[in-house]
Structures are given as C-alpha cells and as structure tokens.
Amino acid sequence: MPRVGRLAYCEAVRIATWNVNSIRSRIERVAAWLERSDIDVLAIQETKTRVDQFPFFRFEDLGYEVAHHGFDQWNGVAIASRVGMADVRAGFDGAPTWREATEPEARHVAATCGGIRVNCVYVPNGRHLTDPHMDYKIAWLDALRVAAEGWITDGPSMIMGDWNIAPRDEDVWSMEFYEDKSHVSPRERAAFEAVVASGYADVVRPFLPGPKVYTYWDYQQLRFQKGRGMRIDFLLASPDIASRVTGASIDREERKGKGASDHAPVIVEVADV
DNA sequence: ATGGTCGTTAGACGA
C-alpha cells in the first residue's frame, strides 16, 4: 500500500495535560519531556506569563505550534500541538470575571488539533470553603458546564486541565486532613460531576484506578516523598473519543528532583484519529 | 519551630 499521508498511518495520538507552574521557569524541563514522551498535543496550565514573554521558539524548534492565552504572572493557559492547530479561541461565552474585573481571567483556551476540539482549562482555586473565591470557582464551573453542553454536540472534543477538585475521597491522601478544606466539598464535586454529566467521561481513571493515584503534591512538607498527593488533573472526552482511548498514564518522574512543577503530566493515548 | 516550598516579582501575594 502506498503511503498517503501521516494521519493515514498514525496509529494513535498522545494527548497530555500538565500544570507546569510557570512555563518560563520550566521550559527546558517541558521541552525535554515533550521530546522523549512522544506527545502530540499538550494542554498547559499556569503558564504565568504574558504572551510576549512566552517561549514559543522552544516549542517551534520541536515541531509544535502553540496557542497561548495569558495576561500577566497569574493563571495563563496554552496548547502545543504537532497535529494541527485550528480555530484557536481564548475563553468561553459566559465565563465569569473575578469580582468587577472587565475581562475574564486567562483560564481557558481551545484549539482543534488532529480532529479533536481540545479545551484547556485552569479552574479557579476556591482557597477556602467560605472564601469569595469559592463562589467564583463554582460560578466558573457552572458556566463551563453550559459551554460544554454546546461543545459536546459540535463533534469530537475534550476538556482537560487542572480542575482543583478531587472528585472522590480516594483522590486525596487524607480525607481527615481535607474535610474542612477546599477541593473535596460536595459543592465542588457536584460542579465537576455536572460538567461530566454534560456528556463527557474521565478517560484516565479506568486505566489508573485509585486509591493512591495522584497528579499533584504540595511543595511543602515533603508531600511527594511521603506519597501525600491529590488527583485534581483530569482529561474528559466526548463518547466518540472516549471509546478510542487505549491507555493512560501519570508521569510521576516529572514531579521528582530540583525544578519540578508541583503537578505531574497526565497522558492518554487515542487510537485511530 | 504553630512553619516547613515554590512561583511571580521586589513586598507581598497566590497555590
């Protein structure tokens, strides 16, 4: 059979999400990881940089196109892809602003990569149960749910990123520790499950069931070394994508050593895109 | 020791 093009022979696409906690401080680590991990699409959260400071060249050197959305040292989201980058969009309709801000924070960017509508999200941190940021977080997730109800009807899509929510008790190292804290409250969990219920599926958990499967470990108190983490980074997929996911992994190696992000990358493999 | 570490940046603030 003659070769008719790359996609015709592409057995799988590898898609990942990673909260890098500053792309400028982490760029060499991210670049090295992309190279050796054979990643086709990476959704990045907490770039913590303006667009004019983003190290686009480093991704381009490796054959990736990048869409980045960021205003300043807070938040910031990006998508890097080597399987196409079309219809880039920053932010979704109905996203709330923090208090009276004139523009929503940089917490969502979308692009169509390899036939998949990739939505990269950085869900607000609620901080504490009674903090105004918690109401903002819930409002943001509710608006995301409304947007997702539209995306699910538009074709193959994914929503991936740092959700700042541990949906199940087994997703944290200690429920006793977290019972009065953010990330595990019924309100947050309901808001997460409502996005899932709009038609998406967590495509990682079936391959990596808990307990003790985490994607984030606080820098403080030797949490990583002690195995005290949280599962708060998720890849959700529409049914047509979910049924083609052949594997998933969390690269804990990337949480090790000096210069690591506090999150590990989460990877899924999608067959026959 | 009532914190412990990181990131942004230059005194805090956020996670």
Side-chain angles (χ1 to χ4, degrees), chain A residues 17-33 43-55 58 68-78 96-101 103-108 120-141 160-167 171-174 176-185 187-188 191-192 214-234 250-266:
Chain A
T17 187
W18 193 3
N19 179 323
V20 299
N21 186 20
S22 169
I23 192 60
R24 283 180 291 152
S25 71
R26 211 79 60 212
I27 181 58
E28 288 312 318
R29 207 162 161 144
V30 172
W33 181 79
I44 305 169
Q45 301 84 41
E46 282 208 88
T47 58
K48 290 187 166 180
T49 189
R50 300 192 307 260
V51 170
D52 64 280
Q53 297 173 305
F54 191 96
R58 204 65 189 81
H68 174 249
H69 178 45
F71 300 115
D72 48 33
Q73 72 268 48
W74 309 121
N75 315 306
V77 282
T97 63
W98 167 243
R99 295 200 160 157
E100 309 308 318
E103 204 160 356
E105 295 176 318
R107 296 182 175 278
H108 170 260
C120 172
V121 297
Y122 176 46
V123 176
N125 189 317
R127 304 190 183 186
H128 308 289
L129 297 183
T130 57
D131 192 295
H133 287 88
M134 183 58 75
D135 293 329
Y136 170 57
K137 177 180 192 173
I138 299 298
W140 198 92
L141 284 162
M160 64 188 79
D162 175 358
W163 296 75
N164 273 315
I165 295 171
D171 296 334
V172 296
W173 62 273
S174 165
E176 191 176 33
F177 179 81
Y178 282 104
E179 65 177 352
D180 58 347
K181 296 181 177 64
S182 173
H183 291 61
V184 301
S185 70
R187 219 177 150 209
E188 292 165 272
F192 174 80
Y214 307 129
T215 64
Y216 161 87
W217 299 260
D218 197 302
Y219 282 127
Q220 299 185 59
Q221 298 171 291
L222 299 173
R223 286 274 168 71
F224 181 69
Q225 292 83 342
K226 293 178 178 174
R228 297 180 170 180
M230 309 174 85
R231 192 206 293 250
I232 57 175
D233 300 270
F234 297 94
I250 297 166
D251 195 346
R252 293 177 72 261
E253 293 302 308
E254 277 306 313
R255 183 61 182 78
K256 295 179 181 175
K258 200 169 166 57
S261 168
D262 42 3
H263 294 251
V266 187

Item to check | Euclidean distance, atom CG of residue Asp72(A) to atom C1' of dA10(B) [Å, nearest integer] | outcome: 16 Å
Next on the checklist: Heavy-atom count check: over 12 atoms from other residues, nucleotides or ligands less than 6.0 Å from Glu176(A) CD?
Outcome noted: no
Item to check | Nearest-angstrom distance from the residue atom CH2 of Trp74(A) to P of dA12(B) | outcome: 14 Å
Checklist entry - Between dG4(B), dG7(B), dA15(B), which nucleotide has the shortest distance from any of its atoms to the side chain of Gln221(A)? => result dG4(B)
Checklist entry - Parallel under 30°, tilted from 30 to 60°, perpendicular over 60°: which one fits the rings of Trp173(A) and Tyr178(A)? => result perpendicular
Checklist entry - Whole-Å distance between dA15(B) P and Ile232(A) CD1? => result 12 Å
Checklist entry - Considering heavy-atom distances to DNA chain B, does Tyr122(A) or Gln73(A) have its closest nucleotide positioned more toward the 5' end? => result Gln73(A)
Checklist entry - Taking the same atom, P, in dG3(B) and in dG7(B), what whole-Å distance lies between them? => result 22 Å
Checklist entry - Which whole number of Å gives the distance between the P atom of dG4(B) and that of dA12(B)? => result 16 Å
Checklist entry - Just how far, in rounded Å, is P of dC6(B) from CG of Asp262(A)? => result 10 Å
Checklist outcome for this item: When rounded to whole Å, the CZ to P distance for the pair Arg255(A) and dG7(B) reads 11 Å
Checklist entry - Is there a donor-acceptor contact under 3.5 Å from the side chain of Arg29(A) to the main chain of Glu254(A)? => result yes
Next on the checklist: So that I can tick it off, tell me whether Arg187(A) and Asp135(A) are bridged by a salt bridge, with the cut-off set at under 4.0 angstrom between side-chain N and carboxylate O.
Outcome noted: yes
Item to check | Thr17(A) side chain to Val266(A) backbone, donor-acceptor under 3.5 Å | outcome: no
Next on the checklist: Using whole Å, what does the distance between atom C1' of nucleotide dT5(B) and atom CG of Asn21(A) come to?
Outcome noted: 10 Å
Next on the checklist: On DNA chain B, compare the nucleotides closest to Asn164(A) and Asp218(A); which residue's is nearer the 5' end?
Outcome noted: Asp218(A)
Checklist entry - Could you state the CZ-P distance from Phe177(A) to dG4(B), rounded to the nearest angstrom? => result 13 Å
Next on the checklist: Without decimals, in angstroms, what is the distance between Gln220(A) CD and dT5(B) P?
Outcome noted: 7 Å
Checklist outcome for this item: Of the candidates dT5(B), dG7(B), dG14(B), the side chain of Arg26(A) sits closest to dG7(B)
Checklist entry - What nucleic acid atoms does Arg50(A) come within less than 4.0 Å of, heavy atoms only: base, sugar-phosphate, or nothing? => result nothing
